Amino acid sequence: MAKNLLIVESPAKAKTIEKILGEDFEVKSCFGHIRDLEKDEMGIDVKNNFRPRYIVPEDKEKVVKELRQVARKSDEVWLATDEDREGEAISWHLCEVLGLDPVSTKRIVFHEITKPAIQKAVKTPRTLDLNLVNAQQARRILDRIVGFELSPVLWRKMSMKNNLSAGRVQSVAVRIIAEREREINAFTPVSSFKIDAVFTALDLGGKSTTFKAEGGKYAEEKDALSFLNSCLGASYSVADIQVKPAKRTPAAPFTTSTLQQEAGRKLGYSVSRTMLLAQKLYEAGHITYMRTDSVNLSDTAVQDITGQISRDYGDRYSQPRRFRNKNESAQEAHEAIRPTYMERRQIDIADGQRLYELIWKRTMASQMADAELEKTTAKIRISTNKELLSAQGEVLKFDGFLKVYMEGRDEEEEDEQQEGMLPPLSIGQDLPLKEMKATERYTRPAPRYTEASLVKKLEELGIGRPSTYAPTISTILKRGYVEKRDKEGVVRNYRILKLSKDKISTSTETENTGAEKSKLFPTDLGLVVTDFLIQHFDDVMDYGFTARIENEFDEIASGKLEWNNMVGAFYRPFKEDVDNTMQTAERIRGERELGIDPDSGKKVIARMGRFGPMVQIGDVSDEEKPRFAKLKPDQSIETIGFQEAMELFRLPRQLGDFEDSPVTVNIGRFGPYISHNKQFYSLPKELDPYAITLEEATPIIQEKRLAKEERTIKIFEKEKIQVLKGPYGPYLKRGLRNFPIPKDQQEKAAELSIEEVKKMIEDAIANPPKKSARKKKATK
DNA sequence: CAGTGAGCGAGCTTCCGCTTGACTT
């Protein structure tokens, strides 16, 4: 048995370190936190100065048991958890659980897993920083208080009884989405007319080529038109040329958040997919740790990278750089995300190759030379007019880092101006005009968030940590506060005024606008809950809340503040808000009045109901019962109009009784249908669900029933299994699902026993058709 | 693919951050 036990957080790290340290050390991993607050009564003894009650969670018992065994047999235990607040706390919990003295136990840290770094760390151990541990406890306890006090408020005040939750991170994440949505809803596009002209000139080879120049913007069509009019009969010449050098600098190597953003933009991955693949790459030893907020590269890594650049592209392309973190809250326990060996281009993980390549390129580019450009601006004079047109061109003089990598762009950063090449021009040169246009362009609202741009925003606000970005998004989706979906655009007209061959013509064109793919939309539930939380807990919902408490955690870490005092100062007013809200606030309904129903004279309101967003005519206090209608999936309490709401009450329609049971028409997920006696009959396309009568409906029911009888071979009433005749032979139906009958037994379908049928269904479930086979069919 | 939508009240849910497998469909 080794003399020393060294404990790290990650098992992948443990393996490598054990090789480096040799026989004197046994290296074990604790798999992150090993203790957490008990769930009963928050796990906090509020009256006793917020004394926390920690327990070892069930899934960590095995790990702790093993660590205890090894620790007992070792002479000395070394704590080598990550160098940040959480890591320090994990080490402290290890002391508590393993019976080590927190004042004398050896604590070491390293930022890279190389032989010299680890040997140096072992030579210079320190002891636990208990102030830092206390800062972590304050963080943990405060998050528990916020989450476990706010969530029950929602359970009490929301009529929807699914498991709602609120917390310092998730609730602000939903708020960001909600506010963007309202910004978009409130946005009114303003149009203006942008002038651009196309000229012809000779290129370097003496061939005729065209280039574009831009003019001014006009708010009104008539002003744009009068400008074009003023250009009739004009001649054009180069008034001025300016050439300026410019450069572009590579982006820093990846952190968790930038990797998630870039993988989203370039590969279309969700943040959880990115993290899943990155985890695989890390475990296989291909990349450094994937949950980090540091842009730092170790010295050995920089050597490896610059060496690779020189070999691949020559010394001119190599330019070692140090990147600094913008974000002060970065805790820098790890390096940036980079390949462990730059010479490795291909990896054996099929799914991970594209992500690996992205990381490889970004890492290479970060240590490469700037790209050098030459920007040319030419001013073009109009003989009949004082205005100048401006043409811009860009020439890449030296590609530098662009040789391997170009950072992707978010929608909001996109500018419409794209710079191409300009032909050689000289001052005074005459330019023949090919055409000039004034195109109507509309202002656009800020785009909805993608998963990755939400992560970016959260990081900017200092909310959440690399290990929680992906889980936070999963949580707000799972709770139904937010949905990820596409939105179809709407068609809009725009005007074009064109000057060509000294004549002006006008036309109206159409464009599709507002279409979005895979974006985050708030649900009515998300909007209503966010409003409620802001109304009653504006401090916690504030975008600056996390930053403010982080400052206090830092003060605790530096010994200037007692953690219990800090938590107490937050708790007292917060708890008062919670108690007041519990007692006084009404049920959350998110109510909006839409108008008055002309038939009954009663109020029409949209609100949140027991089963989700709904419209209601009248009130429960009225003599007559109120009428209710559920909103369709694409409708929202926030935006539904009166007419649209009233439409919802046209269905379902009761047509009358048939065979002593009511016949009802409605529109379902798959189109209009009739329901009768718990059976559904779809409506032929030519029949209008709003106009169909009982006389028209009954034949449909009878026909379908007849057809069904003809198709039925056998029914097992008790088990609700049917044997049916299909176009390809007999098959089984249980509930809504169909199951095949094996070919050799199809002939005796009518004689099948219940045991045989049940077995067939079990077999079919156990051996589902292969995915690839189904996919092929679907794509055909 | 129904209709439900008030309120009562068992017994349930919930946070953030650190780590991976062991599960099922």
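A note on names: the letters A, B, ... follow the listed sequences, proteins ahead of strands, and every chain is numbered from 1. It should be emphasised that the depicted structure is a prediction, and the values quoted were computed from it without experimental measurement.
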Between [atom2] on [N] and [atom1] on [X], what's the gap in Å once rounded to a whole number?
| X | N | atom1 | atom2 | answer |
| --- | --- | --- | --- | --- |
| A:E88 | B:dC18 | CD | P | 14 Å |
| A:L276 | B:dG21 | CG | P | 13 Å |
| A:F545 | B:dC16 | CZ | C1' | 13 Å |
| A:I141 | B:dT14 | CD1 | P | 22 Å |
| A:M42 | B:dT13 | CE | C1' | 16 Å |
| A:E9 | B:dG21 | CD | P | 15 Å |
| A:D36 | B:dT14 | CG | P | 14 Å |
| A:L37 | B:dC15 | CG | C1' | 10 Å |

Would you indicate which nucleotide in [options] comes nearest to any side-chain atom of [X]?
| X | options | result |
| --- | --- | --- |
| A:V169 | B:dG17, B:dT20, B:dC15 | B:dG17 |
| A:R607 | B:dT20, B:dA6, B:dT14 | B:dA6 |
| A:T468 | B:dT19, B:dG5, B:dC16 | B:dC16 |
| A:R465 | B:dG17, B:dG21, B:dT19 | B:dG17 |
| A:F611 | B:dG5, B:dC1, B:dT14 | B:dG5 |
| A:D143 | B:dT20, B:dG5, B:dC16 | B:dC16 |

Pair of N/O donor and acceptor under 3.5 Å linking B:dC15 base with A:R140 side chain: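 Side chain to base: pair present.
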Ring geometry between A:H93 and A:Y54 (parallel below 30°, tilted from 30 to 60°, perpendicular above 60°): perpendicular
Plane angle bin for A:F574 and A:F570 - parallel if under 30°, tilted between 30 and 60°, otherwise perpendicular: parallel
Near-parallel close stack of A:F148 and B:dC15 base (under 5.5 Å, under 30°): no
Stacked pair A:W155-B:dT14, distance under 5.5 Å, angle under 30°: no
Strand DNA chain B in bracket notation, Watson-Crick/G-U under 3.5 Å with | for pairs to another chain: .........................
Chi angles and distances behind the side-chain contact (heavy atoms from CB on, under 4.5 Å) call for A:M541, A:T530: CA-CA 9 Å; A:M541 291 297 284; A:T530 301; 4.1 Å; yes
Stepwise side-chain hydrogen bond (donor to acceptor under 3.5 Å, both in side chains) check, A:S294 with A:T292: CA-CA 6 Å; A:S294 170; A:T292 175; 4.8 Å; no
Closest-nucleotide 5' rank along DNA chain B - winner of A:R139 and A:A629: A:A629
Residue whose closest nucleotide on DNA chain B lies nearer the 5' end, A:R291 versus A:Q170: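 The residue mapped nearer the 5' terminus is A:Q170.
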Could you give the side-chain donor-acceptor pairs of residues 627-635 of chain A under 3.5 Å, partners two or more places apart or in another chain?
{"from": "A:R627", "atom 1": "NH2", "to": "A:F649", "atom 2": "O", "distance (Å)": "3.2"}
{"from": "A:Q635", "atom 1": "OE1", "to": "A:K632", "atom 2": "N", "distance (Å)": "2.9"}
{"from": "A:Q635", "atom 1": "NE2", "to": "A:E644", "atom 2": "OE2", "distance (Å)": "3.0"}

Derivation of the side-chain contact (heavy atoms from CB on, under 4.5 Å) call for A:L154 and A:L150: CA-CA 7 Å; A:L154 295 182; A:L150 286 189; 5.9 Å; no
Partner residues of A:S600 under the side-chain contact (heavy atoms from CB on, under 4.5 Å) criterion, sequence neighbours left out: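 For A:S600, the residues satisfying side-chain contact (heavy atoms from CB on, under 4.5 Å) (neighbours in sequence not counted) are A:D597, A:K602, A:I617.
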Passing candidate, side chain to side chain contact (heavy atoms under 4.5 Å, CB included) with A:Y282, options A:I287, A:T340, A:T288, A:L277: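 Between A:Y282 and the candidates, side chain to side chain contact (heavy atoms under 4.5 Å, CB included) is satisfied uniquely by A:I287.
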